[in-house]
Amino acid sequence: MAISNTTKLFYFQIFIHLFFSAKTYTQTINGDTLTTFELKETAFDGSMGKKNLMDSTAQLTVLHHNLGQFLSQQTPLHIRSYGTGGSATVSFRGTGAAHTQVLWENIPLNSPVHGLADLSLLPITFFENISVQHGTASLQQQSGALGGSIQLKDKIKWNNQLNIKILKSINSLQNYQSNAQINIGQQHWQSVTNWSSAWQKNQWADVFPQEKNAHHLLQELYWKPKSSQIFSTKVWYQTTERKLKATEQQSDQSLRTVFTWENKQQKAHFSAKIAYTNEFLRYQNSLIGVDDSTRLHQFFTQLNQRNFFLDKKIQWHNQVHFTLIKANVTNYENAVNQRKITATSSIYLSLLKNLKTQLLLRQEWIDEQATPFLPALYLHYRPFASGFLQLKASTAKNYHIPTFNDRFWPQVGNPNLAEEYGWAHEFSLIFVPIFRKRKWSLKAEITAYQSRTTDWIQWLPNANNLWSPQNLRLVTGRGVETQLKFEGQSVKTHWRVLANYAFTKSTNEKAIRQGDNSAGKQLVFVPLHTATISFYIIRKNNFIHFSQNYTSKRYKTTDNNPFATLSPYTLADIHLGKYFPLKNTTTKIQFSIYNLWNTDYQTVTTYKMPKRHYELNISFHLNNNKNKSK
């Protein structure tokens with residue numbers, strides 16, 4: 001298909017509109033650690049694929065938010081929110097929400113029943129490192145993420161410490177939240193306790209209040225008997241009650257446990273992980289007499305081995321994962337069991353000074369049946385010794401298995417559905433100018449990608465006028481992503497600007513029946529343009545954090561009827577605050593305004609979102625570290 005001159009001009013404009021940033025340094029402001037960017041040249045670390053670590057400075061101002069709220073402000077990812085008290089899902093590069101994998105400590109949080117991970121149930125205060133892996137990069141941890149994946153991890157500090165953080169917030173929607181974290185330990189053991197509770201009435205004009213009560217407790221224990229070995233145990237319990245409409249209620253409960261052993265030698269690293277998750281969901285609708293429940297048990301084991309050769313210029317990484325799933329769903333005739341074995345091997349080469357490569361090979365078996373073989377190749381090239389220009393390229397095959405609902409829903413499920421599979425390719429250009437005598441830094445990154453997915457699953461009416469899933473679509477995705485990071489500092493002031501833009505063209509290429517006008521049209525609810533920009537300024541003990549995001553119109557119908565769309569919208573939030581330090585303690589008072597422009601908008605049809613509202617939060621931090629971390 002020929003590319004029009006207008007499209008060529010658009011891509012050229014995006015190419016020359018490079019955005020900027022640089023490497024990290026750590027700045028501590030009155031007990032709060034801000035991970036920012038070094039004002040010197042960027043290291044050539046050879047990281048493969050496109051992976052972005054979320055801005056920890058911005059995270060400090062919204063610690064009471066859930067993951068969906070945070071990503072909507074900081075990334076161009078499209079977050080679909082089903083109301084203020086409802087669920088939230090994410091879409092990468094025009095794929096479906098089930099094509100995004102959310103991983104906690106490399107354990108998938110997506111339900112195999114419906115394929116989704118509800119971001120509204122994940123408090124960001126529990127995770128110190130939140131990273132987003134786009135496209136081909138996601139295959140390094142998990143298959144099935146045709147669009148990308150989100151990694152949630154913690155970072156332990158081995159020091160003699162007593163560290164306590166307490167946060168209380170209240171907003172004009174009559175929502176109340178409390179968070180607490182206690183870190184205590186020494187050089188050979190650490191304990192981290194996280195607690196979060198939210199009571200949300202979500203009351204605002206003209207909309208039924210979706211009440212939500214959520215409580216989380218995460219306990220982590222670490223033991224380091226010697227420098228080369230670490231044992232850790234993590235237990236995470238959560239319970240949520242939601243009143244979605246006058247006749248609808250939903251309750252969620254989960255228990256997640258992970259035990260990990262790591263052994264890091266000079267020439268080899270070994271790790272083993274055992275995990276168990278127990279998930280329960282109950283949905284009730286008194287109007288139509290529905291009372292459905294799902295109980296899900298999952299057992300995981302993971303073994304990892306990484307060997308180093310020639311002073312780590314060659315790395316050989318092998319992984320073996322085993323997963324056992326048992327699902328009891330009210331509407332299924334029988335319980336569903338699934339066994340999955342994954343074997344992954346990759347070799348990482350940095351024999352040439354300016355070129356690093358990685359070849360990854362993955363094979364999986366589900367219930368003893370082999371799935372498509374998945375290869376991936378990653379390149380990272382630095383043409384100049386200074387590193388001011390870097391290029392990344394990758395290609396990978398990926399696949400996504402049907403959900404349990406796709407296969408086993410009564411009367412309409414199709415046990416013979418094929419996997420969705422396809423190839424993805426991407427190319428990134430990274431530009432990091434070096435300013436050795438200036439106290440500011442900038443970086444530019446632009447990524448172009450293309451993917452093609454066969455046997456895309458579509459739910460359509462069958463001969464009995466019942467909706468059922470079928471392998472019908474052929475979907476092509478292509479687009480451009482740009483990113484800006486720009487930062488500077490003086491004696492008393494530090495400032496940072498972050499900007500992202502994504503052009504996403506995701507179209508169906510195959511008419512599925514006579515009279516179907518969806519061929520060549522944008523997929524429903526996928527915006528063509530998304531963008532975010534934020535800036536953070538701190539002067540002495542005062543700070544301001546402003547963020548704004550834009551989402552273009554989305555079509556409701558597969559034929560892209562111009563009269564059936566969700567309107568574009570622009571949202572802005574602003575946070576103003578002040579730190580009050582005193583010896584080993586810091587108190588922070590912050591006032592926030594959400595939806596500053598009072599925008600009337602929807603991310604999902606019929607689910608209106610709140611207009612301008614206000615919030616006050618107060619936090620207390622005791623930081624009594626007796627020695628530096630190791």
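These numbers come from the heavy atoms of this one structure, side chains and all, not from hydrogens, waters or symmetry mates.
- In this structure, Ser72 and Thr532 approach most closely via the heavy-atom pair O-CG2, 4.1 Å.
- Side-chain contact check for Lys588 versus His621: every heavy-atom pair is 4.5 Å or farther apart.
- Judged by the 6.0 Å distance and 45° axis criteria, Arg93 is positioned over the aromatic ring of Tyr449.
- Between Trp236 and Phe127, the two ring planes are perpendicular [angle over 60°; tilted spans 30° to 60°].
- For the atom pair Asn328 CG and Thr294 OG1, the distance stands at 9.0 Å (nearest 0.5 Å).
- Of the possible polar contacts, none joining the Thr247 side chain to the Ser286 backbone as a donor-acceptor pair under 3.5 Å is found.
- Using a 4.5 Å heavy-atom cutoff, the side chains of Trp597 and Gln548 are in contact.
- For Asn110, there are no side chain to side chain donor-acceptor pair (under 3.5 Å) partners two or more places apart in sequence or in a different chain.
- Residues Tyr283 and Glu248 have side chains that bring a donor and an acceptor to within less than 3.5 angstrom of each other.
- Within the 4.5 Å cutoff, the side chain of Met54 has heavy atoms near those of the Val132 side chain.
- Here CG of Asn163 is found 4.5 Å from CG of Asn623. Values are rounded to the nearest 0.5 Å.
- There is no side-chain donor-acceptor pair under 3.5 Å between Asn541 and Lys578.
- If you run side-chain contact (heavy atoms from CB on, under 4.5 Å) between Tyr594 and each of Lys611, Arg612, Gln73, only Gln73 comes through.
- In this structure the side chain of Phe543 reaches within 4.5 angstrom of the side chain of Gln590, judged on heavy atoms.
- For the residue pair Ser506 and Val475, the shortest heavy atom distance occurs at OG-CG1, 3.8 Å.
- Looking only at distances, no side-chain donor or acceptor of Arg242 sits under 3.5 Å from a matching main-chain atom of Thr240.
- In this structure Glu105 satisfies the salt bridge (Lys or Arg N to Asp or Glu O under 4.0 Å) test together with Lys234, sequence neighbours excluded.
- Taking each heavy atom of Tyr607 and Ser81 in turn, the nearest pair found is CB-O, 4.3 Å.
- Listed for the Thr599 side chain is a donor-acceptor partner under 3.5 Å among the backbone atoms of Thr570.
- The salt bridge (Lys or Arg N to Asp or Glu O under 4.0 Å) check on Lys212 picks up nothing, with sequence neighbours excluded.
- Between the side chain of Asn398 and the backbone N or O of Gly144, at least one donor-acceptor pair lies under 3.5 Å.
- In this structure, His99 has its ring center no closer than 6.0 Å to that of Phe92.
- Considering only residues two or more places apart in sequence or on other chains, Lys153 meets the side chain to side chain donor-acceptor pair (under 3.5 Å) condition with none of them.
- Atom OG of Ser619 is separated from atom NZ of Lys168 by 13.0 Å, given to the nearest 0.5 angstrom.
- Residues Tyr536 and Thr61 form a side-chain contact, since some pair of their non-hydrogen atoms from C-beta on lies under 4.5 Å apart.
- Judged by distance alone, the side chains of Ser191 and Gln219 do bring a donor and an acceptor atom under 3.5 Å apart.
- Taken to the nearest 0.5 Å, the CD atom of Gln181 stands 8.0 Å off from the CD atom of Glu128.
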- Task: Might you work through the salt bridge (charged side-chain N to carboxylate O under 4.0 Å, His left out) test for Glu420 and Arg473, ending with a clear yes or no?
- Result: CA-CA 10 Å; Glu420 302 168 299; Arg473 300 276 187 197; over 6 Å; no

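- A side-chain donor-acceptor contact under 3.5 Å links His400 to the backbone of Ala98.
- A donor atom on one side chain and an acceptor atom on the other are found under 3.5 Å apart for Ser293 and Thr330.
- Judged by distance alone, with hydrogens and angles left aside, the side-chain atoms of Ser91 form a donor-acceptor pair with the main-chain N or O of Thr95 at under 3.5 Å.
- Partners of Phe546 under the ring pair (Phe, Tyr, Trp, His ring centres under 6.0 Å) rule, at least two apart in sequence or in another chain, are Phe535.
- Between Ser149 and Gln133, the side chains place a donor N or O and an acceptor N or O closer than 3.5 Å (distance only, hydrogens not considered).
- Of all heavy-atom pairs spanning Ala246 and Phe208, the tightest one is N-CZ, 3.4 Å.
- With sequence neighbours left out, His114 forms a ring pair (Phe, Tyr, Trp, His ring centres under 6.0 Å) with no residue at all.
- Taking OG1 of Thr504 as the reference point, atom CG of Leu77 lies at 9.0 Å (rounded to 0.5 Å).
- Here Trp459 pairs with nothing under the ring pair (Phe, Tyr, Trp, His ring centres under 6.0 Å) rule; sequence neighbours left out.
- Gln522 places no side-chain N or O within 3.5 Å of a backbone atom of Thr507 that could act as its donor or acceptor partner.
- By the salt bridge (Lys or Arg N to Asp or Glu O under 4.0 Å) test, Arg256 pairs with Glu279, sequence neighbours left out.
- Within the 6.0 Å centre-distance limit, the rings of Phe503 and His529 are counted as a close aromatic pair.
- Other residues, nucleotides and ligands contribute only 12 or fewer heavy atoms inside 6.0 Å of the NZ atom of Lys245.
- With hydrogens and angles disregarded, no donor-acceptor distance shorter than 3.5 Å links the side chain of Thr403 to the backbone of Gly115.
- Just one residue in the list Tyr237, Trp199, Trp195 forms a ring-ring contact (aromatic ring centres under 6.0 Å, His included) with His215, and that residue is Trp199.
- Residues satisfying the side chain to side chain donor-acceptor pair (under 3.5 Å) test with Asn331, not counting sequence neighbours, are Asp292.
- Every side chain to side chain donor-acceptor pair (under 3.5 Å) that Tyr332 has, sequence neighbours left out, goes to Asn405.
- With Gln177 contributing its side chain and His64 its backbone, the two residues share a donor-acceptor pair below 3.5 Å.
- Side-chain contact check for Leu528 versus Lys553: every heavy-atom pair is 4.5 Å or farther apart.
- With a 4.5 Å cut-off on side-chain heavy atoms, Val62 and Gln69 do not count as touching.
- With sequence neighbours excluded, no residue forms a salt bridge (Lys or Arg N to Asp or Glu O under 4.0 Å) with Asp406.
- The ring pair (Phe, Tyr, Trp, His ring centres under 6.0 Å) check on Trp467 picks up nothing, with sequence neighbours excluded.
- If you check the side chains of His575 and Glu615, you find no donor sitting under 3.5 Å from an acceptor.
- The 12-atom threshold is exceeded at NZ of Lys521, counting heavy atoms of other residues, nucleotides or ligands nearer than 6.0 Å.
- Of all non-hydrogen atoms in Ala145 and Ser138, the two that sit nearest each other are O-OG, 3.1 Å.
- Going from atom CG of Leu571 over to atom CG of Asn595 covers 5.5 Å, rounded to the nearest 0.5 Å.
- Panel note: side chain Thr565, backbone Ser567; no donor-acceptor pair is recorded below 3.5 Å.
- The side-chain heavy atoms of Asn202 and Asn175, taken from C-beta on, include a pair separated by under 4.5 Å.
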